[in-house]
Each structure stands twice: as C-alpha cells, then as structure tokens.
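Have a look at the structure below, then the notes.
Proteins get letters first, then strands, A, B, ... in listed order; numbering begins at 1 in each.
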Amino acid sequence: MAVDEESLAGLSPAVQQEIGRFIAKLRRRQISSSQDVARKTLEIMRLTVATAASKDISSLIELIKAAGRAIVASSPHELTVGNMVRRVLQIVREETADDGTKGGLSAPTVEGGESTSAGGGGGSGPSLMKLLDAPDTTDYNRQPVKTVKSPILEAINELIDELSHVCSHIAEQAIEHIHANEVILTHGRDHAVEAFLKAAHKKRRFEVIVAETALSGAGRETAVVLADAGISTTLISDAAVFAMMARVNKVIIGAHAVMANGGLIATAGSHLLALAAQHASVPFVACAGLHKLTPIFLSNPEQFNVLLSPQPLLQYDEGLQGVHAPNPAFDLVPPELVSLLVTNIGGNHPSYIYRLLSEYYHQEDHNLFVN
Amino acid sequence: MVKTKEKDGDLTQQDVLQAVVIADSFVHHFRPITFSVPKVLMPLCNVPMIEYTLECLAAGGVQEIFIFCCVHAQLIEEYVRNSDLVRRLATVAVHVLVSQAPCYSSGDALREIEARGVIKSDFVLVPGDVVANVALGPLIAAHKKRREVDREAVITTVMKRLSPNHVSRRAGEQMVVALAGETGRLLLYEDANAHPEWQHKLRVPLALLQDTDCLQIHRDLYDTHIDICTPELLVLVQDNFDWQDLRRDLIPGVLGQFEYLGKTIYTHILSSEYAARVHDPHTYDMISRDIIQRWTFPIVPDANLLPGCNYHLGRSGVYKEGRLALARSCELQHNCIVGAGTSIGNASKVCESVIGRGCVIGERVNIHGSYLFAGVTVEDGASLVGCILCERVYVGRGAVVPKGSILGPGVRVGEGASLQPFVRLRLPVAEKVDEDDSFGDEDEDEEEEAGAEAADAPPSTLGEGGLGVVCKGGHPASSMRYDRPKLVGPVEGELSEDEDDAEEDVNQVQVDEDAAFEEEVADTVRRGVENNHSVDNLALEVNGLKFAQNRSFADCIVAIVPALLEELPLSGKSKKERLTEVKRCLNKWGALLKRFTQTRSDQVELMAVLAETAVASSDLSDIFELILNYVYERDDDLLPEEAILQWADEAAKDDSTGRELLEHPGTKKFLEWLRNAEEDDDEEDDD
C-alpha cells in the first residue's frame, strides 16, 4: 500500500496541505470519533473535486482515488476514510451516469467489457436483471467534468449533512428495539449507542448494565453519561459479563466498522460479549452509521487492529522487560454472532450487508489500490 | 485527544508556540558512529532519532521549531531539506540554525540562540534525542499558569517516576531531587555520585525546610530533559557565561544562586506518558525495546513517520516492511523490526533486534538484541549478540560479534573472527567513510589498510579480509548489555559491602582534611621560624588554626615537629654538629611544643612524631638516641620517661615507623637504661 507520490502531484497544493494535516492528525490520534474522520475526509474530497483541473471524469476519479489512497495508506485502520472516498466516487459515477443517460451516450467500450467480467458479488443497480442486461458501461473518458462538478459538490454536501444526522437517525429507531422494563447490556463508549438509549428513555422505562471496558475505562464514562440522563444504570466489571447475561434482554454496542460479511470491528472485549450473548440466546444488536460500512473482507484481522501502549496494563516503572503486554484496541465479531445491525437507514440483518454495499459503493471502487 | 484539540485552539490565539531542538549532545558515547553522522540522525528503530522528538513537539501543538546544530550541521540541514519533513509534520514551520562559532555545550548553544533573537515567547527546549509521547499542551498551559503566580519561574522541567535501579536508567545515574510539595518548585537537583557522603545520609540545607511545609525528596525521578522555558532563561544563560551543561551547571546555578538571581524552577511529574532520552548505547537499546513494545504509542514503527515507510505489525511484536525475502525456516521470534528489501536465510533466528533496509542475512545466523543499520551483510553461521552494526558492515562466515560492540560504517569482520566484547571498530581512514561501495576497485588500498590495521588492532581478532581499527569510545558501562552491579538490593552481603565503601569514602575525606590542616600548621610554623617570631605569637597563631578547625593538641604536634626539624641545615655535618643544631632548635621552640603537649597521650604522640621525623631523614635517625637523651634531660619535662617508654612499648607492638629505631643499638641501650632507672626510682619510692 505504498503512497504513489506521482499521482498526488496532480492535486492542488491546498489539497495536499489539507491531506498532510489530516494524515498527521490521524497519526497523532487527535481525531478519534469516526464521524469526525468521515466529515474531514468528505471535506478534503470536496476540496479535491472543487479544485480539480481534470478535463474528463476518469481522470477526476483517479485524482479522488489518489487522494484517498494517500490517507488510507498512512492509517489503514481508519476504515471510514476509505468508505467516504468510495461514497464520493459513487456520487461521481452516479452523477455522470445520470448525465450520460440524459445526453444519450454511445455504445459500450472495451473498458466497460472489463468491468462486467470482474463483476460477481454486486453491481451498481438494485436488480439482478439489470445487472446482467446492462453492465456499467459508462465511458468516463468522454465525460467533461465541467457539467457535473456542481451536482457532485452538492451531493457531497448532502452527504456531510447526512453524516451529522447519523446519530439522530439511529436514535429514532430506538423505540422499535427497546421495550418497557427491559435490561440492556452495553460496553465501551459510542455516541450512537448513547443517543439510542437516551431516545428510548424518553418513552420507556428500562435498565442499563454497562461493562466497564477495562484498560480504556470507556464503559465508566458511558455509565456516568447515562446516569446523568436519568437512566437507571449499573456498572459491572468485564469479568461479570457472563454472569449478568442471564438477566439481560438485549446487548447493544457500537462498532468501529462493519465489514463486508456483516462482521464487526468493535471495542476489544466485544467478541467475548457476543459469545456470552449467544450462549444465553440474547439478541446482540450493533448500532453503526452507514459511514462505517466497509466493502472489505478481512483476510488478515491483525492488519486492522491497533495495538495501543501497554501502559494501562503495566506500569513502566515495574520494569518487567521480559513481559509482552499487547493492548489491542479492537475485537473482530463474526457475523453469525450479530443479530441485528441498526444503521441510520434502518435495521438490517448482517447477511443483508452485501445489498447495502452494492447500493452505496461501486464495484470498481472496493479496492482503492487497484486502478 | 479532544482536550488536545481544544488546546490547539487556545494556543493559536496566543503567541506562536516555539521549540528549540538541540541537535547535538556534546558527548561521544556513540563513537565511531558519530564520526560520520550526527547522533540525532542515527536510526532508532530504522527512523532517525530526531523524527521522534519533532513528532512529539508537533503533536504537542508546537508551531515553530528551531533545530540548532553544530557538528555535522550540513548533514542535518540536508536531511531537513530532503526528507520532506515540513510536509510530514504538517502543522509546524521548521528552521535550521547552524552554529557560527564552535559550540562545546548546550550552554553555548543557548547563548548563540539568544544572540539570534528568534525566541519570542515561552518555548520548549529539548535535545534532539528524546523519545516521548508527552502531551505538551497541558504542560505548557500549566507553565503559563505558574508564571502568573510566580513571575520569576524560568523553567518547568519534565520528569517521570522511575525507580533508581531501573534497567532503563543510565549506568550509575543517581539523581536526588527535592521539591516543594505544594507547588512542585524544584529546590535541589544533585547527582548523588558527586556526593559520596550521600550514600547513606542525605544532607539537605536547612533553608530548604524553611521554604516549604511539604518537602519532598525523590530518588525516583528520571529527568526526561524536556524543559518548558521562558525567554528570560536565555538572558540568564547569556549573563552566566560559565554555565555549560543544562543539568550540571544551569539548574544548580539557578537553584544555588536563588538569593542573587531570584529565579525559580518548577518540576512537572508525568503520570502515565512515556519520555526518555537516548544518552548512550545502553539507553539506545532500552528505548528501542520500548518503542517496539509500543510504550511510545502513537509514535511507533507502524505509524510510518518517514515517507515511503510501510511497516506492519505482525504477531508477537514483529514489524515487517514491504517486500522481504524470508526463507521458509528462518525465525523472526519476537520484538523485532525488519526493513524492506532484506533477505534472511534458512534456519536463521532473529530476536529483539532491529534490521535495516536491504540487509543480507545468511543461513543459520543468530541475531539477538542487535541493531543492524541499512545494507549490512551477515554471512552464514555468524552470531550477533547485543551489538550495533552501522551501514554496509560485513560480517564474515561464522564470525562472532559479541555484546556491547559497535562496528562503524563499512567495517569488515573476516571469516571465523571472534571480536572482544565492548570493542568499537571503525574504518582506518576517515575519508574512507565517505567513499563507500568501492572496495572492489581498491584491492591494493585495502591490503595496505589491512596492514595498517594490523598495527592498531590485532589482525587475528578481525580475521582474514577484516578491515577496521579499534576506536576509543564510551565506557563499557554505557554500552549495551553491560552487566552493571545492582545499586540497592535486599542481599545482606551487598549491603554491608556498600557500607564498607561508604566508610572508606568517609575516611578518605577525613584524611584529606587532616593533610590540609597539617600543611597549614606547618606553613605557619615555618614562617614563624623564618621570621623569628616569638614563641607566644607562634603559639597563638597555631592555636587559632586549632580552634578554627576544631582540632586536638596532638593534631598540632603532628604538624609542628616535622616543620621544625625538617628545616634544620643538617646534611654533610658531623653527628656532634647535627646534635647541636637540633639542641639549639629545641631550646628555642621547646616551649612551643610544651604548650601543645598537655596530656600523657599528647606526649606519646610527640614522641611518635619525633620518631617518624627521624626515620624520614637519615641525618636524624643516626643521632636519634642522642636527641632522645637530650629531650629526656630537659628541665621542662617535655618528654617524661613514662611517655618515652609507652611509645617504645606501642611501637614494638605494631609495625609503626618507630620499629627500626627501636632496633638501633643506641636507642635500645638508652631505653634499657631508662627502664632500669625507672625501676630504681620505684624501688627508691618503695623505700
């Protein structure tokens, strides 16, 4: 995943500078919320499109991909960045296709033929018939950028707008999932989950048990926030999760990313939680905005995990030089343990993720590192 | 993280936050590596050391960094220019200040920075070899807050807790730090090694207790060498042009001259963050391990600080970059870093090591706790343990590079060679370092140099085709893997040993003080004799010295007698003439001696000193029994027979200097006579 410096050269200096700052901030972990990451990525994409000097769409797509690659390569574990780049690429392709149908485009070219042969898991349209009959044959080379630039920028702005409402859209569905007098178990800290529980609290009375999420202690923060909102909250240690599971009606957690197979990358300890839930036949619900939807199958889970400092686990002063103290930030939850995925457009079963993927991302964009 | 963001906002509204990075440590612990490359550009986990410092500063919200360099300034300038540093750091402006006059210390560096007038507000001062993940934002805010309370605060030093015998400390480092508990004001900053008497008892000036109600004395603070300074500090350093080292001179200077300068220093103790400075190869080793074990998170190898870097973390702390040619049966065991383009042969083992880019490791090689820079070649069956191999080093088949050794760029270790531990090698000719990669063309040269090397280093150690000369570097204690003694331990034996040492030290000090006193008294007496002072006046002077230093009469005697007798013109004279001289002298100054012999023990001491002085000069030892007789027969009872006999008994018992005098027939005779006389007296008394 080396950064191709040459393609970055096509970007305007302002974009390059923005990308540099963004990469530095990600590296220094000064942006932690994936929503902020998504918004910043979209802003950079907007700037890229706005300042692009490209004549035709295919070079614009390449430019966007190059900018995306630069950021993704520097922090591969921030999957949201890649997702947002893919969303923007999809916008560009859609706008071009709309424009193309209006203008009455010419016959398919060789390039289009290639894309059909690569197709398999999904396509650009929702219908299988359409997939077979009308492969994506848009000739991006012939499309001028000028005409579609402003609709693209408008669509990106809409996307940024949508992003700021992700939490509230997820929270709106809370009443459908949380019933009166239920006991909910949660873990870690996630803004969507907080909003979800708070929204349900407006209408229903229920109880929340929070696992402390050791090392980071994020669960403690969640407990404080929920108790402040007037929800009856119990804080337990991570070790007590299994014992408490028998009393629990539902497990609701947030996710760092939702993978192509419906599996989750979530706070360390989630897998344990999911297994306990499965053992007690408790539904395991994940709340995640669509910006976390990642069209990647995990071949090497370690690649997307981040090992943090061993500091909370072990005091440096203890001087245990021989002790290996890994402190992973994330866990991988396999799709079969996830009962429901609540996104900002509604609840879905993990097996339905592939449909969402084909709806929001273009097949050719799944791997940003292949031209 | 959110907090830091807010801090960023705050800082931008105020002045530009500046930092000074001193890219020279003014010591030679890393020779021979530092002959060709400045220490701050030495790779630490395959990333030049200064990158860690700069990244920490940039992450902390610093907006303008001045890199001050003296030695190898050109290389550092080039590095900053060519490595795309400014774009990567993204949020800071970087300026390189090249020293115009030679700089020998960080004090000189600060004076030159002051002269440039670039520092406008509070700044962070840090050497270019500090690795830290400290959030500077809150630190700087705390420093500014303190300045509002105490206008005279010039520095906030950053320290972290680390037990005094922690393995990551420098060998022998023992800092004693006293703080005012309420404010964190630094009251004392001393190296315990400079005060041998502090081994068991710490002497603290009483004034410290008056300053604060809550005095904290720490031995568990590790100085991270990160300082938040006010611009006035530069003026202070300018005024005190004799301050060289920041720690050895500046801090004690400011603390010691508080009455005069009125400046104060505060200390911030880190809670959980990591900060450490690469002082020497030992700390280099320790910090490398800490980076691999991710204590420095988020500044870790897979953060890929350098452009084109592409490290990925695998299982058990193995970082790999790009395309590697790893043989199927080679083992990357744990905690190691392997750079791109490196190939490792079958059955080789790598453990707790860092291997640079483009290295070629043969088969059955064992690499443990070693640091290989780029382009190193290690042939089959070699063994590397705890060593640093610089760029393009060649290690021949089956060679052994043991712990603590440092091989400079381009050094060649021949087949089957076995080096000494802690050896440091470099290429013979300095220019050779620059003209790399041309060994093939210069076969003759090579032979010549191999011959020249034979003079410096035993050729047998470097093996056939070896190339390199021994170079003096730091003490082995600063080298990697040096088995240092435990400082404090529960083991009884060790403790008692320490005590013995302490006692010896105390005795040593005592002896020095005694010598100084004796010298002073002797000088006084000689002056008195020369100028023919009266006995009274001389006695007064010696008495003054005695009281000033709280000495006993015996101490004075010890000093006076040699001073009197040694000045006599005795050489080349007959026994009789010599005796006359001594008699005359004692006639004149006997009264002085009398004043300082108050008790029997003083008399014995006088006798002993007389004997000692006599032994020292053959002119006196000849006539010793005559002098003794004269002294005995004196009217003033300067030396009564009891004292003489007591001395004789004591001298006979132990091996003191008087022994040979006792053996002297004359003396023997005299003593015998004396004893008989005494018995006679006794008998008479009995009657």
If you count every heavy atom of other residues, nucleotides or ligands that lies below 6.0 Å from [X] atom [atom1], does the total exceed 12?
X	atom1	result
A:His191	NE2	no
A:Arg220	CZ	no
A:Leu272	CG	no

Checklist entry - Any donor and acceptor pair, going by atom type alone, linking the side chain of B:Gln293 with main-chain N or O of A:Ala325 inside 3.5 Å? => result no
Next on the checklist: Shorter than 4.5 Å, heavy atoms on both sides: which option in B:Ser272, B:Cys309, B:Gly314 has the most such pairs with chain A?
Outcome noted: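 It is B:Ser272.
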Next on the checklist: Below 4.5 Å, heavy-atom pairs only: which of B:His334, B:Lys160, B:Glu55 has the largest tally toward chain A?
Outcome noted: B:Glu55
Using 0.5 Å steps for rounding, measure from the [atom1] atom of [X] to the [atom2] atom of [Y].
X	Y	atom1	atom2	result
A:Asp317	B:Arg161	CG	CZ	9.0 Å
B:Asp290	A:Ser309	CG	OG	9.5 Å
A:Ile19	B:Arg87	CD1	CZ	9.0 Å
A:Ser75	B:Asp302	OG	CG	11.0 Å

Checklist entry - So, B:Thr91 versus A:Arg28: side-chain donor-acceptor pair below 3.5 Å or not? => result yes
Next on the checklist: Quick one about A:Tyr316 and B:Ser168 (side-chain donor to acceptor, distance below 3.5 Å, no hydrogens or angles considered), yes or no?
Outcome noted: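 Yes, because at least one side-chain N or O of B:Ser168 sits under 3.5 Å from a partner of the opposite role on A:Tyr316.
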Region of [X] in contact with chain A, defined by heavy-atom distances below 4.5 Å:
X	result
B:Glu273	neither
B:Tyr274	side chain
B:Ile299	neither

Next on the checklist: If I measure from the heavy atoms of chain B, does A:Ile23 come under 4.5 Å with its side chain, its backbone, both, or neither?
Outcome noted: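 Neither part; nothing is under 4.5 Å.
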Checklist entry - If we only count heavy atoms from C-beta on, is the B:Phe297 to A:Asn327 side-chain gap below 4.5 Å? => result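 Answer no - side chains too far apart.
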Checklist entry - Which heavy atom of A:Ala24 sits nearest a heavy atom of B:Ala90, and at what distance? => result CB-CB, 3.8 Å
Checklist entry - Where is the tightest heavy-atom contact between B:Arg294 and A:Pro310, given as atom of each residue plus distance? => result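 Reported closest heavy-atom pair: O-CD, 3.5 Å.
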Checklist entry - What's the verdict on side chain to side chain contact (heavy atoms under 4.5 Å, CB included) for A:His324 and B:Asn335, showing C-alpha distance, side-chain angles and the deciding distance? => result CA-CA 9 Å; A:His324 184 52; B:Asn335 292 350; 4.1 Å; yes
